[in-house]
Visitor: 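Take a look at this one; I'll ask things after.
Remember, predicted model here, so these are calculated numbers, not experimental data. Because only heavy atoms are used, hydrogens play no part in the values below, and waters and symmetry mates are left out as well, while side chains stay in. Per chain, numbering begins at 1; letters A, B, ... match sequence-line order.
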2 protein chains.
Amino acid sequence: MPETPDAKPVGAGRQLLFLREEELRLAQDLLFFGYRDFTAGPDALLAELGMGRAHHRVLHFVGRRPGITVGDLLAILGITKQSLGRVLTPLVEEGYVVQTPGRNDRRQRLLSLTEAGQALERRLFERQKEWVMRAYREAGPVSVEGFRRVMRGLMGEDARTQLDRALPETRPVPPGGAGSRKVA
Amino acid sequence: MPETPDAKPVGAGRQLLFLREEELRLAQDLLFFGYRDFTAGPDALLAELGMGRAHHRVLHFVGRRPGITVGDLLAILGITKQSLGRVLTPLVEEGYVVQTPGRNDRRQRLLSLTEAGQALERRLFERQKEWVMRAYREAGPVSVEGFRRVMRGLMGEDARTQLDRALPETRPVPPGGAGSRKVA
DNA sequence: CCGTTTGGTCAGATTTGTTGACATATTATT
DNA sequence: AATAATATGTCAACAAATCTGACCAAACGG
């Protein structure tokens, strides 16, 4: 918390206020341009397949949490089930995503990627990976850590909770193999 | 540049690769959630006025570069003039933006915000300002600098150029006051 | 058995983007 | 002066991704 410039010389206060405002407008610019160009690579690839960004998001989050329920996916994406349906149904029909009934609760349709789904998600990921790695390399590890902290701060409470649940604790690679599939 | 782990023990290499991939997937998550929540505040306000995010972008960039030409705005936004038209025309009709013919080239319609436009843009900005300031405060100045560097790295060449042209060099406040209104 | 939850679906609307074709005014070139 | 190029606007049709509202079916749970 820097000074609240009320008793300060007026010129300096003005300058500080100006800088703060300019700083924040710059943040707006950076987020607009950065996010747009961050998504440009996958967008191009998706367009060739007759898909859009919404499909990518589903592939991404299903890939991230295999066996996720429709309800949880809806909560993460923050959209209605009708909107999700129009993207998810084609993905299932075209063999990118499978739905298996939950064995505790058979109303649930647990979602996971097929081989084709994993392959497609990977192709999309690779594009973004190259792009992000370039930015990370140019900026250096300290900046990357700062980037992560600020981005996390830009998230609302709900999103933070979801992110933490999605990534329990940078789970280390299970040395034995694919053995630790508990809970659900 | 960190090590390029080619001659390293295999286990460590695996681990590094895993972390790198997980790191990058985390970046995807952060950008998705962060950008969404970053825009949520203005979106809500805009909805009340029957406008959308596209209107905000026009108000933002016109406010940032008063007197900008339609062509330059199109280049910044990266959309077609038809798309811009459907957002810009209402903004002009409702008195948020004015078009004044360029005095060098009278084909141009130089865009700037009216008083009402400035007021609206400010209301939108204030919401985002609070949000970003919270994130900035929580993260601290070093992280903010890192955030800026990474975001800039995520931008493509064109966007970087435009950003630099938009903000010639953190122009200092003209000490005389509001006297530098030339051009139009 | 009955109410709730989980998920799906149909229908219609909105916002924001796209192409393509043309029109108008103004500037630049020949 | 005639012609070409540029800056902008506009009409029409279309697509992607969201929304709301209504309704249905299967399965769970008391």
Visitor: Between A/Gly85 and A/Asp105, who's closer to the 5' end of DNA chain C by nearest nucleotide?
Guide: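 Result: A/Asp105.
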Visitor: Whole-Å distance between D/dA16 P and A/Leu84 CG?
Guide: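 Result: 17 Å.
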Visitor: Describe, in one word, how the ring planes of B/Phe61 and A/Phe33 are oriented to each other, choosing from parallel (under 30°), tilted (30 to 60°) and perpendicular (over 60°).
Guide: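 Tilted: the ring planes of B/Phe61 and A/Phe33 meet at 30° to 60°.
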Visitor: Expressed in angstrom and rounded to an integer, what is the separation of B/Arg109 atom CZ from C/dT24 atom C1'?
Guide: 9 Å
Visitor: For C/dT16, take OP1 and OP2 only and decide whether either is under 4.0 Å from a side-chain N or O of A/Arg53.
Guide: no
Visitor: The criterion is side chain to side chain contact (heavy atoms under 4.5 Å, CB included); which residues satisfy it with A/Glu126, sequence neighbours excluded?
Guide: A/Arg122, A/Lys129, A/Glu130
Visitor: Figure out the CD1/P separation between B/Ile79 and D/dT8, and round it to whole Å.
Guide: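 Value for this atom pair: 14 Å.
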Visitor: Any side-chain N or O of A/Ser83 less than 4.0 Å from the OP1 or OP2 oxygen of D/dA17?
Guide: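 For D/dA17, OP1/OP2 do not have a side-chain N/O of A/Ser83 under 4.0 Å.
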Visitor: Closest nucleotide of DNA chain D for A/Gly50 versus for A/Gln82: which of these residues is on the 5' side?
Guide: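 This one resolves to A/Gly50.
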Visitor: Does D/dG9 have OP1 or OP2 sitting under 4.0 Å from an N or O in the side chain of B/Thr89?
Guide: no
Visitor: Determine, using ring centers only, whether B/Phe38 and A/Tyr35 are less than 6.0 Å apart.
Guide: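 Not under 6.0 Å, so no.
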Visitor: Look at the side-chain N and O atoms of A/Gln99 and state whether any lies under 4.0 Å from the OP1 or OP2 oxygen of C/dG8.
Guide: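 A/Gln99 to C/dG8 OP1/OP2: side-chain N or O found under 4.0 Å.
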Visitor: Name the nucleic acid region contacted by A/Gly102, choosing base, sugar-phosphate or nothing; use a 4.0 angstrom heavy-atom cut-off, strictly under.
Guide: nothing
Visitor: Name all residues meeting the side chain to side chain donor-acceptor pair (under 3.5 Å) criterion together with B/Asp43; count only those two or more places apart in sequence or in a different chain, and write none if there are none.
Guide: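 Counting only residues at least two positions away or on another chain, B/Asp43 forms a side chain to side chain donor-acceptor pair (under 3.5 Å) with B/Arg53.
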Visitor: Within 45° of the six-membered ring axis of A/Phe125 and under 6.0 Å from that ring's centre, is NZ or CZ of B/Arg25 located there?
Guide: yes
Visitor: At a heavy-atom distance below 4.0 Å, what parts of residues 32-48 of chain B sit against DNA chain C?
Guide: none
Visitor: Could you give the CG-to-P distance, from A/Leu77 to D/dC19, as a whole number of Å?
Guide: 10 Å
Visitor: Could you state the NZ-C1' distance from B/Lys81 to C/dT16, rounded to the nearest angstrom?
Guide: 18 Å
Visitor: Using heavy-atom distances to pick each residue's nearest nucleotide on DNA chain D, tell me which of B/Val70 and A/Ala54 is more 5'.
Guide: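 The answer here is B/Val70.
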Visitor: Would you confirm whether A/Trp131, through its side chain, and A/Gly41, through its main-chain N or O, come within 3.5 Å as a donor-acceptor pair?
Guide: no
Visitor: What is the distance, rounded to the nearest whole Å, between atom CZ of A/Arg107 and atom P of C/dT4?
Guide: 13 Å
Visitor: To the nearest Å, give me how far apart CG (B/Leu74) and P (C/dT16) are.
Guide: 16 Å
Visitor: For the pair made of CG in A/Asn104 and P in C/dT6, what is the distance, rounded to whole Å?
Guide: 14 Å
Visitor: Under the 3.5 angstrom rule, does the side chain of B/Arg36 hit a backbone N or O of A/Leu77 as a donor-acceptor pair?
Guide: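 At least one qualifying donor-acceptor pair exists.
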Visitor: Can you see if the side chain of B/His55 gets near the phosphate of C/dT15 - specifically, an N or O under 4.0 Å from OP1 or OP2?
Guide: no
